[in-house]
A.B. asks: 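Sharing a structure below in structure tokens format, with a few things to ask.
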Amino acid sequence: MNITAIIIATVVVAGVGLFIGIFLGVAGMKFEVEVNEKEEAVRAELPGNNCGGCGYPGCDGLAAAIANGEAPVNACPVGGDAVGRKIAAIMGQDVVESVRKVAFVKCAGDCEKTHDTFKYTGVEDCEMMAFVPGGGSKSCDYGCLGYGSCVKACPFDAIHIVNGIAVVDKEACKACGKCVNKCPKHLIELVPYDQSVFVHCSSNAKGKAVTENCDVGCIGCRKCEKTCPNEAIKVDNFCAHIDYEKCTNCGACKDVCPRKIIF
């Protein structure tokens with residue numbers, strides 16, 4: 001056995017290892033990415049659903065925006081006030097109470113209240129209905145199609161098709177807004193969690209057309225508008241709309257609605 005050769009090999013290996021170690025150490029210092037400690041702390045408090053309901057590309061994007069002062073501390077709709085308070089403490093800001101919101105589907109035209117103009121057989125997807133004559137089988141051009149594009153979009157299993165229309169489970173809803181963006185009929189909106197009076201219709205058809213196609217659709221009679229003591233409900237383009245900031249949930253509009261579409 002050649003001892004000299006062994007010693008030389010050992011020295012070479014040790015030298016190469018030393019060189020690589022020094023190189024990696026220098027490279028690590030040179031290319032080190034500065035970490036924003038507040039951003040990491042904020043990210044740790046976010047729920048990690050990456051739903052995009054905050055308007056940013058996932059929780060990482062929101063954490064960076066909050067740490068840079070580009071987004072409010074309570075911007076996460078999933079975390080709500082509880083997460084908002086924790087992030088406010090990290091950022092050294094006062095706690096700002098946010099209004100919890102949930103999704104609401106502006107349609108009550110289920111299988112018993114609307115009429116089918118034809119029997120549809122094909123891909124069950126609301127967005128595909130744009131390619132179907134009449135925009136779907138239901139006689140109302142403004143109502144819920146009931147094929148569940150919103151259901152597929154919801155990451156929280158908070159919306160389901162019940163008797164032909166989408167219905168939201170307000171306890172499961174996190175107001176991420178994915179169903180709002182997915183509905184091709186624009187029937188879904190985010191409303192205050194505590195709101196209890198709603199107009200379950202979005203039809204812009206005139207009264208006669210509404211009564212022919214739906215048993216409960218809004219006919220734009222303006223009785224609700226004239227009755228509301230807070231001027232919180234207005235009829236625009238033949239359909240009633242509630243201003244949730246003015247509405248006190250008194251129910252006066254509900255009591256006078258001849259179509260019983262406010263409930």
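Residue indices begin at 1 and follow the sequence shown. Both backbone and side-chain heavy atoms feed into the values below; hydrogens, waters and symmetry mates do not.
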A.B. asks: Quick one: does P77's side chain get under 4.5 Å of C54's, heavy atoms only?
C.D. replies: yes

A.B. asks: Around K101, counting heavy atoms of other residues, nucleotides and ligands shown, do more than 12 lie under 6.0 Å from its NZ?
C.D. replies: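 Incorrect, the count does not exceed 12.
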
A.B. asks: Is the count of non-hydrogen atoms from other residues, nucleotides or ligands lying under 6.0 Å from N163 atom CG greater than 12?
C.D. replies: yes

A.B. asks: So, N68 side chain and E70 main chain: donor-acceptor pair closer than 3.5 Å or not?
C.D. replies: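 Such a contact is absent between N68 side chain and E70 backbone.
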
A.B. asks: How close do A63 and V42 get, heavy atom to heavy atom, and via which atoms?
C.D. replies: CA-CG1, 3.9 Å

A.B. asks: State, yes or no, whether a side-chain contact exists between K178 and P155 at a heavy-atom distance under 4.5 Å.
C.D. replies: yes

A.B. asks: Measure the acute angle between the ring planes of F104 and F198, then classify it against the limits of 30° and 60° as parallel, tilted or perpendicular.
C.D. replies: parallel

A.B. asks: Should I159 and V180 be regarded as members of a common hydrophobic cluster, given that ILVMFWY residues are connected when their side-chain heavy atoms come within less than 4.5 Å of each other, either directly or indirectly?
C.D. replies: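 Yes, one cluster joins them.
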
A.B. asks: What distance do I242 atom CD1 and N230 atom CG have between them, rounded to the nearest 0.5 Å?
C.D. replies: 11.5 Å

A.B. asks: Take atom CD in E245; do more than 12 heavy atoms of anything else shown fall under 6.0 Å from it?
C.D. replies: no

A.B. asks: Hey, mind stepping through K174 and N49 against side-chain contact (heavy atoms from CB on, under 4.5 Å) and telling me if it holds?
C.D. replies: CA-CA 11 Å; K174 303 300 181 182; N49 295 91; over 6 Å; no

A.B. asks: According to a hydrophobic-cluster definition based on side-chain heavy atoms being under 4.5 Å apart (Ile, Leu, Val, Met, Phe, Trp, Tyr only), do I188 and V99 belong together?
C.D. replies: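 As far as the 4.5 Å side-chain criterion goes, V99 and I188 are not connected within one cluster.
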
A.B. asks: Kindly compute the distance separating NZ (K246) from CD (E231), expressed to the nearest 0.5 Å.
C.D. replies: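 Answer rounded to 0.5 Å: 6.0 Å.
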
A.B. asks: Say whether, by atom type as modelled, one donor and one acceptor occur between the side chain of T227 and the main chain of A252 under 3.5 angstrom.
C.D. replies: no

A.B. asks: Same cluster or not: I262 versus V105, using hydrophobic residues (I, L, V, M, F, W, Y) connected whenever any side-chain heavy atoms lie under 4.5 Å apart?
C.D. replies: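 I262 and V105: separate clusters.
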
A.B. asks: Is there side-chain contact between C126 and P184, with heavy atoms separated by less than 4.5 Å?
C.D. replies: yes

A.B. asks: Could you check whether any side-chain N or O of K206 sits under 3.5 Å from a backbone N or O of F238, counting only pairs where one atom can act as donor and the other as acceptor?
C.D. replies: no

A.B. asks: Using every non-hydrogen atom in the two residues, find where A71 and L62 come nearest and quote the distance to one decimal.
C.D. replies: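 The answer is CB-CD1, 4.0 Å.
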
A.B. asks: Could you tell me which non-hydrogen atom of L46 sits nearest to which non-hydrogen atom of C76, and how far apart they are?
C.D. replies: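 In terms of heavy atoms, the two residues are closest at CD2-CB, 3.9 Å.
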
A.B. asks: I'd like to check D194 versus R100 (side-chain heavy atoms, cut-off strictly below 4.5 Å). Are they in contact?
C.D. replies: no

A.B. asks: Is there a donor-acceptor pair closer than 3.5 Å between any side-chain N or O of K138 and the backbone N or O of G109?
C.D. replies: yes

A.B. asks: Evaluate side-chain contact (heavy atoms from CB on, under 4.5 Å) for V197 paired with I233, printing each intermediate quantity in order.
C.D. replies: CA-CA 11 Å; V197 178; I233 187 166; over 6 Å; no

A.B. asks: Backbone N or O of C59 within a donor-acceptor pair of the N50 side chain at under 3.5 Å?
C.D. replies: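 Here the side-chain-to-backbone pair exists.
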
A.B. asks: Does NZ in K86 sit with more than 12 non-hydrogen atoms of other residues, nucleotides or ligands closer than 6.0 Å?
C.D. replies: no

A.B. asks: Between L145 and K185, is a side-chain contact (heavy atoms from CB on, under 4.5 Å) present by the stated rule, with each step listed?
C.D. replies: CA-CA 8 Å; L145 294 166; K185 294 282 188 177; 3.9 Å; yes

A.B. asks: Looking at every heavy atom in both L187 and C183, which two are closest together, and how far apart are they?
C.D. replies: N-SG, 3.4 Å

A.B. asks: So, taking the atom named CD in E37 and the one named CD in E39, what distance separates them when rounded to the nearest 0.5 Å?
C.D. replies: 11.5 Å

A.B. asks: Do R43 and D60 meet the salt-bridge criterion of a basic N to acidic O distance under 4.0 Å?
C.D. replies: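 Yes, D60 and R43 are salt-bridged.
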
A.B. asks: Residues in ring-ring contact (aromatic ring centres under 6.0 Å, His included) with Y147, at least two apart?
C.D. replies: Y120

A.B. asks: Using atom types as modelled, flag every donor-acceptor pair under 3.5 Å from a side chain in residues 216-225 to any protein atom, sequence neighbours excluded.
C.D. replies:
residue	atom	partner	partner atom	Å
R222	NH1	E225	OE1	3.1
R222	NH1	E225	OE2	3.4
R222	NH1	V235	O	3.3
E225	OE1	V235	N	2.7

A.B. asks: Is there a continuous path of hydrophobic side-chain contacts, each under 4.5 Å between heavy atoms, that joins V168 to V151?
C.D. replies: yes

A.B. asks: Quick one: does V102's side chain get under 4.5 Å of V191's, heavy atoms only?
C.D. replies: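 V102 reaches V191 side chain to side chain.
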
A.B. asks: How many angstroms lie between CD1 in I165 and SG in C107, if you round to the nearest 0.5 Å?
C.D. replies: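 So the CD1 of I165 and the SG of C107 are separated by 5.5 Å.
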
A.B. asks: Could you tell me which non-hydrogen atom of V199 sits nearest to which non-hydrogen atom of A240, and how far apart they are?
C.D. replies: CG1-O, 3.5 Å

A.B. asks: Flag the pair H186 / Y142 as yes when at least one side-chain heavy-atom distance between them is below 4.5 Å, and no otherwise.
C.D. replies: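 A side-chain contact under 4.5 Å is absent here.
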
A.B. asks: Would you compute the distance between atom OG of S202 and atom CD1 of I261 and round it to the nearest 0.5 angstrom?
C.D. replies: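 So the gap between those two atoms works out to 9.5 Å.
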
A.B. asks: Can you find a heavy atom in the side chain of R259 that is under 4.5 Å from one in the side chain of V210?
C.D. replies: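 The answer is yes; the side chains approach within 4.5 Å.
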
A.B. asks: Between V167 and I161, is there a shared hydrophobic cluster once you connect ILVMFWY residues whose side-chain heavy atoms come closer than 4.5 Å?
C.D. replies: no

A.B. asks: Which pair of non-hydrogen atoms, one from Q195 and one from Y244, has the smallest distance, and what is that distance?
C.D. replies: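 Taking Q195 first and Y244 second, the nearest heavy atoms are CD-CD2, 3.4 Å.
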
A.B. asks: I'd like to check the side chain to side chain donor-acceptor pair (under 3.5 Å) partners of H160; sequence neighbours left out, ordered by chain and number.
C.D. replies: D157

A.B. asks: Side chains of D215 and H115, heavy atoms from C-beta outward: is any pair under 4.5 Å?
C.D. replies: yes

A.B. asks: Rounded to the nearest 0.5 Å, what separation is found between the CG atom of D116 and the OG atom of S137?
C.D. replies: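 Rounded to the nearest 0.5 Å, the CG-OG separation comes to 4.5 Å.
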
